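Just so we're clear, the structure is a prediction, and the values are computed from it rather than from any experiment.
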Protein chains: 2
Amino acid sequence: MPEKPIQMNPHPSEKTIARLSLYRRCLRELAQGGSHHTYSHELAKLAGVTAAQVRRDLMVVGYDGSPRRGYEVKGLYQSIGQFLDGAIEQKAVLIGVGNLGRAILAYFHGKTPNLEIVAAFDNDPQKIDRVVMSCRCFSMTCIEEIIARERVQTAIITVPADEAQRVTDVVIQAGVQGILNFAPVRLQVPAGVFVEQMDMAVALQKVAYFSRQRQ
Amino acid sequence: MPEKPIQMNPHPSEKTIARLSLYRRCLRELAQGGSHHTYSHELAKLAGVTAAQVRRDLMVVGYDGSPRRGYEVKGLYQSIGQFLDGAIEQKAVLIGVGNLGRAILAYFHGKTPNLEIVAAFDNDPQKIDRVVMSCRCFSMTCIEEIIARERVQTAIITVPADEAQRVTDVVIQAGVQGILNFAPVRLQVPAGVFVEQMDMAVALQKVAYFSRQRQ
DNA sequence: TTAACAATGTTATTTATTTCACAAATAATA
DNA sequence: TATTATTTGTGAAATAAATAACATTGTTAA
């Protein structure tokens with residue numbers, strides 16, 4: 001193989017980051033299935049992409065496979081983990097403990113040790129100061145205080161559309177750098193804050209359109 | 001303006017379809033706010049894209065705006081609707097009435113008249129034959145029968161990861177052409193079936209990564 | 001009536017992303 | 001030990017997507 005230059009891609013794309021996260025999940029499954037090593041084409045098949053895509057994505061991680069042997073499953077898993085998670089543990093909060101909020105709390109509980117949801121917020125007195133899906137639920141009046149105290153960097157927004165911008169302003173004021181937004185609104189945020197839109201309505205329309213196209 | 005050729009883009013991209021759906025939502029809000037006409041740059045600002053992007057996307061719809069006046073809000077809204085929805089009403093089903101399933105049922109109820117969720121399915125006897133979030137819930141043993149009878153084209157999958165592939169095989173067997181999948185698995189589907197993956201874990205990892213990068 | 005303006009529709013250009021292709025490398029085999 | 005087969009890592013090519021540019025045109029106003 002050609003000599004590797006000591007220089008790393010400065011800005012991996014969003015798509016690459018998303019796929020790396022996917023590869024990590026596939027590697028976890030491979031490890032649980034007892035595999036010790038794997039190949040780009042195997043990983044590609046599991047992730048639903050091409051082998052070339054896998055190899056190119058892995059360039060940013062800086063983990064070297066072996067020709068003929070491929071990648072060591074555990075080693076690559078940990079390398080991707082280091083790359084995606086960074087050194088210090090990250091914290092997230094969730095705002096809006098409706099059905100969607102509860103689903104997300106349940107889904108993530110214990111799954112991602114390097115990115116824990118440390119608190120949930122709602123206005124409903126029935127929920128405040130209770131533990132919902134293993135997560136402590138607080139009044140929305142405490143958002144700023146807890147985000148600042150716990151050094152939370154990420155917020156998951158699962159409130160109705162008409163509350164989303166207000167909540168966004170509060171969490172950013174408190175120091176949040178990234179938002180996962182499920183409300184069907186484009187959030188206005190200052191430069192430097194990352195927003196990922198999970199738009200279920202748009203996604204469903206897309207499926208409906210293309211399923212009609214293919215009949 | 002140059003003469004318009006009577007030829008339409010045969011295959012609008014997934015991204016264009018997604019944005020058209022977004023524009024439609026923005027137009028609805030404009031209409032509710034009392035606007036009668038709008039411009040590509042206004043729509044662009046609302047949708048969080050560029051004006052050139054808006055105009056390019058609108059080419060596939062075949063709705064002509066007027067120089068100087070821009071687009072008629074109601075007319076463009078309906079044109080996009082016709083384009084996305086098609087002539088005949090589409091039906092969807094939802095499989096897995098957990099927290100996530102309920103959230104989606106609640107969210108879509110009555111919102112999209114051209115794409116109705118006509119039935120939900122679960123194995124829990126507590127839910128079977130009840131109405132959950134205004135949607136009738138059936139046993140999973142009835143999936144094939146109801147999809148075939150109602151000519152359902154789209155399925156929303158909100159079951160746990162280890163059931164997703166089994167459910168997928170059933171709904172495709174019954175005639176479904178498109179799937180919106182919330183389970184964290186790459187579904188194996190035959191060619192011609194469209195799958196849209198809503199991967200909450202990947203999305204959260206992405207936000208965590210980029211929020212860390214920007215601090 | 002005509003001139004100036006501002007917005008459209010579309011082509012051309014640029015940028016981003018994916019795929020291809022292949023030298024270099026290494027394990028397995030003879 | 002030499003040979004073969006197969007996979008990696010990455011530059012080059014191809015494809016896809018976004019942006020810029022602009023001729024055209026309806027509207028407004030002098």
Side-chain angles (χ1 to χ4, degrees), chain A residues 1-20 22-23 27 30 35-73 75-76 79-80 83 206 210, chain B residues 1-20 22-23 27 30 35-73 75-76 79-80 83 206 210:
Chain A
M1 253 163 285
E3 196 60 36
K4 165 168 282 185
I6 324 273
Q7 182 224 343
M8 214 165 272
N9 189 335
H11 290 306
S13 72
E14 286 191 37
K15 294 191 168 190
T16 293
I17 297 300
R19 282 190 300 259
L20 285 173
L22 192 58
Y23 302 155
L27 287 163
L30 281 171
S35 298
H36 287 161
H37 64 271
T38 187
Y39 304 107
S40 59
H41 59 79
E42 188 179 30
L43 210 43
K45 190 157 192 191
L46 290 172
V49 300
T50 66
Q53 182 83 80
V54 169
R55 294 202 300 275
R56 182 154 285 284
D57 287 334
L58 290 184
M59 283 176 71
V60 306
V61 175
Y63 179 87
D64 273 17
S66 145
R68 209 57 207 268
R69 272 269 184 90
Y71 306 97
E72 207 259 307
V73 171
L76 182 53
S79 273
I80 294 178
F83 179 81
K206 224 173 106 176
F210 285 107
Chain B
M1 253 164 285
E3 196 59 38
K4 166 169 283 188
I6 324 276
Q7 182 222 344
M8 213 165 274
N9 188 335
H11 290 307
S13 72
E14 286 191 37
K15 295 194 168 191
T16 292
I17 297 301
R19 282 190 301 260
L20 285 173
L22 194 58
Y23 302 155
L27 287 163
L30 281 170
S35 297
H36 287 160
H37 64 271
T38 188
Y39 304 108
S40 60
H41 59 80
E42 188 179 30
L43 209 44
K45 190 155 192 193
L46 290 171
V49 300
T50 66
Q53 182 82 81
V54 169
R55 294 202 300 275
R56 177 159 273 291
D57 287 333
L58 290 184
M59 284 176 69
V60 306
V61 175
Y63 179 86
D64 272 17
S66 146
R68 209 61 205 268
R69 270 270 185 89
Y71 305 97
E72 207 260 308
V73 170
L76 182 54
S79 272
I80 294 178
F83 179 81
K206 223 173 107 175
F210 285 106

Enumerate, atom names and distances included, each donor-acceptor pair closer than 3.5 Å involving a side-chain atom of residues 48-55 of chain A, sequence neighbours excluded.
| from | atom 1 | to | atom 2 | distance (Å) |
| --- | --- | --- | --- | --- |
| A:T50 | OG1 | A:Q53 | N | 3.1 |
| A:R55 | NH1 | A:S40 | OG | 3.3 |

Whole angstrom value for the distance that separates [atom2] of [N] from [atom1] of [X]:
{"X": "B:L58", "N": "C:dT8", "atom1": "CG", "atom2": "C1'", "answer": "11 Å"}
{"X": "A:L76", "N": "D:dG9", "atom1": "CG", "atom2": "P", "answer": "9 Å"}
{"X": "B:H37", "N": "D:dT27", "atom1": "NE2", "atom2": "P", "answer": "11 Å"}
{"X": "B:H11", "N": "D:dT15", "atom1": "NE2", "atom2": "P", "answer": "16 Å"}
{"X": "B:Y39", "N": "C:dC5", "atom1": "OH", "atom2": "P", "answer": "17 Å"}

Rounding to 0.5 Å, atoms CD (B:E72) and NE2 (B:H37) come to a distance of 10.0 Å

Mind checking the CG-CG spacing from B:L43 to B:L27? Nearest 0.5 Å is all I need.
5.0 Å

Identify the pairs formed between an N or O of the protein and an N or O of nucleotides 16-20 of chain C at a distance under 3.5 Å, and give each distance.
| from | atom 1 | to | atom 2 | distance (Å) |
| --- | --- | --- | --- | --- |
| C:dT18 | OP1 | A:R19 | NH1 | 2.9 |
| C:dT18 | OP2 | A:R19 | NH1 | 3.4 |
| C:dT18 | OP2 | A:R19 | NH2 | 2.8 |
| C:dT18 | O5' | A:Q53 | OE1 | 3.3 |
| C:dT19 | OP2 | A:T50 | OG1 | 3.1 |
| C:dT19 | O4 | A:R56 | NE | 3.0 |

Residues which pass side-chain hydrogen bond (donor to acceptor under 3.5 Å, both in side chains) with A:E42, listed by chain and number, not counting sequence neighbours:
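With sequence neighbours excluded, A:E42 shows a side-chain hydrogen bond (donor to acceptor under 3.5 Å, both in side chains) to A:T38, given in chain and number order.
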
Test of understanding: with salt bridge (charged side-chain N to carboxylate O under 4.0 Å, His left out), list the residues that count as partners of A:R19, not counting sequence neighbours.
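Applying salt bridge (charged side-chain N to carboxylate O under 4.0 Å, His left out) to A:R19 gives A:D57.
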
Taking only nitrogen or oxygen atoms into account, show me every contact under 3.5 Å that the protein makes with nucleotides 27-29 of chain C, one pair per line with its distance.
| from | atom 1 | to | atom 2 | distance (Å) |
| --- | --- | --- | --- | --- |
| C:dA27 | N3 | A:R68 | NH1 | 3.1 |

Steps toward side-chain contact (heavy atoms from CB on, under 4.5 Å) verdict (A:V60, A:I17):
CA-CA 10 Å; A:V60 306; A:I17 297 300; 5.8 Å; no

Pairing residues for A:L46 by the side-chain contact (heavy atoms from CB on, under 4.5 Å) criterion, not counting sequence neighbours
A:C26, A:L30

Who pairs with B:H41 by ring-ring contact (aromatic ring centres under 6.0 Å, His included), at least two apart in sequence or on another chain?
B:Y39

Measuring to OP1 and OP2 of C:dA7, would you say a side-chain N or O of B:S40 lies under 4.0 angstrom away?
no

Is the phosphate of C:dG9, meaning OP1 or OP2, less than 4.0 Å from a side-chain N or O of B:Y71?
yes

